[in-house]
Amino acid sequence: MTAPIRVLVCDDQALIRTGFTTIIDAQPDLSVVGECGDGRTAVDLAGRLRPDVVVMDVRMPVLDGIEATRLLAGAGVTEPVKVLVVTTFNLDEYVYEALRAGASGFLLKDAPPGQLLHGIRTVATGAALLAPEVTRQLIGRFAARIRPVEGTPESRLAPRELEVLRLIANGLSNSEIAANLVISQETVKTYVSRILAKLDLRDRVQAVVYAYRHGLVT
């Protein structure tokens, strides 16, 4: 049998931690190996327990979830841990920074249990989880805070790849991109893989940030 996905749950609200733990542990392919209520403890536990996925709240005492994510999955981390950020959309003004800190995905706290489980499984495989509605609302809301950089990706990507990148950054799923461009979903996946490889990006989340920083989406 395949070993279960090991999950560390980090949230400063005990009721939410208990709820997440109960939902996750009820699945035969998932196992909660630890839980904590602040970012510093999250970093320490992740180092000792080596979970496959850390479910991370943003607003926590001692060390917030963004800084904890940066220490676990940011640039320069030799053995990064996959982090799934859970957030309350109307409260967390700095959640965009979690993307740049290295988070592999976002979920809203009012998402149904099935989405939480899907998110954990998706991130565990190495894929990014950035729900289209979160891309459109959350990233779009903070687009003005994204610092532009010099240089342009036009010379590195083919015209069709640029088109796909813009659609990704606008929050379209692979199926929506396929319908928009009248191509198959497999072709879209091929384009996405090429874009990530050419721009040296880890996942779809980084592609969205890259597109905004390079002015491909406004």
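Throughout, residue positions are numbered sequentially from 1 according to the sequence presented. Please read all numbers here as calculations on a predicted model, not as lab measurements.
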Minimal non-hydrogen separation, [X] against [Y], with atom names:
| X | Y | answer |
| --- | --- | --- |
| Ala73 | Val83 | CB-CG2, 4.3 Å |
| Ala111 | Gln115 | CB-OE1, 3.5 Å |
| Thr69 | Val85 | OG1-CG2, 4.4 Å |

Quick one, [X] and [Y] - any side-chain contact, counting heavy atoms below 4.5 Å?
| X | Y | result |
| --- | --- | --- |
| Lys109 | Gln13 | yes |
| Val33 | Val7 | no |
| Val54 | Lys82 | no |
| Leu165 | Tyr210 | yes |
| Val86 | Phe20 | yes |
| Leu72 | Val77 | no |
| Leu157 | Leu199 | yes |
| Asp38 | Pro61 | yes |

When you measure from the side chain of [X] to the backbone of [Y], do you find a donor-acceptor pair of N or O atoms at a distance under 3.5 Å?
| X | Y | result |
| --- | --- | --- |
| Gln27 | Ile24 | no |
| His118 | Gly114 | no |
| Asp52 | Arg6 | yes |
| Arg156 | Lys198 | yes |
| Asp11 | Ile16 | no |
| Thr187 | Ile183 | no |
| Glu67 | Asp64 | no |

Flag the pair [X] and [Y] as a salt bridge only when some basic side-chain nitrogen lies within less than 4.0 angstrom of an acidic carboxylate oxygen.
| X | Y | answer |
| --- | --- | --- |
| Arg59 | Asp12 | no |
| Glu163 | Arg166 | no |
| Glu79 | Arg50 | yes |

Any link between Met60 and Leu49 through a network of hydrophobic side chains (Ile, Leu, Val, Met, Phe, Trp, Tyr) touching at under 4.5 Å?
yes
Apply side-chain contact (heavy atoms from CB on, under 4.5 Å) to the pair Leu8 and Val55, showing each step before the final yes or no.
CA-CA 6 Å; Leu8 175 63; Val55 176; over 6 Å; no
I'd like to know whether Asp57 forms a salt bridge (charged side-chain N to carboxylate O under 4.0 Å, His left out) with Arg17, so could you lay out the CA-CA distance, the side-chain angles of the two residues, the decisive distance to 0.1 Å, and finally the verdict.
CA-CA 10 Å; Asp57 186 21; Arg17 284 203 311 274; over 6 Å; no
Testing Asn174, Leu162, Leu181 for side chain to side chain contact (heavy atoms under 4.5 Å, CB included) with Leu167, which one passes?
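Testing each of Asn174, Leu162, Leu181 against Leu167, the sole residue satisfying side chain to side chain contact (heavy atoms under 4.5 Å, CB included) is Leu181.
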Would you kindly say whether Glu35 and Thr21 are connected by a side-chain donor-acceptor distance under 3.5 Å?
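Side-chain D/A pair, Glu35 to Thr21: present.
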Does the side chain of Thr41 come under 3.5 Å of the side chain of Asp44 through a donor N or O and an acceptor N or O?
no
Calculate, to the nearest 0.5 Å, the distance between atoms OG and CE belonging to Ser104 and Met56 respectively.
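Going from the OG atom of Ser104 to the CE atom of Met56 covers 11.5 Å.
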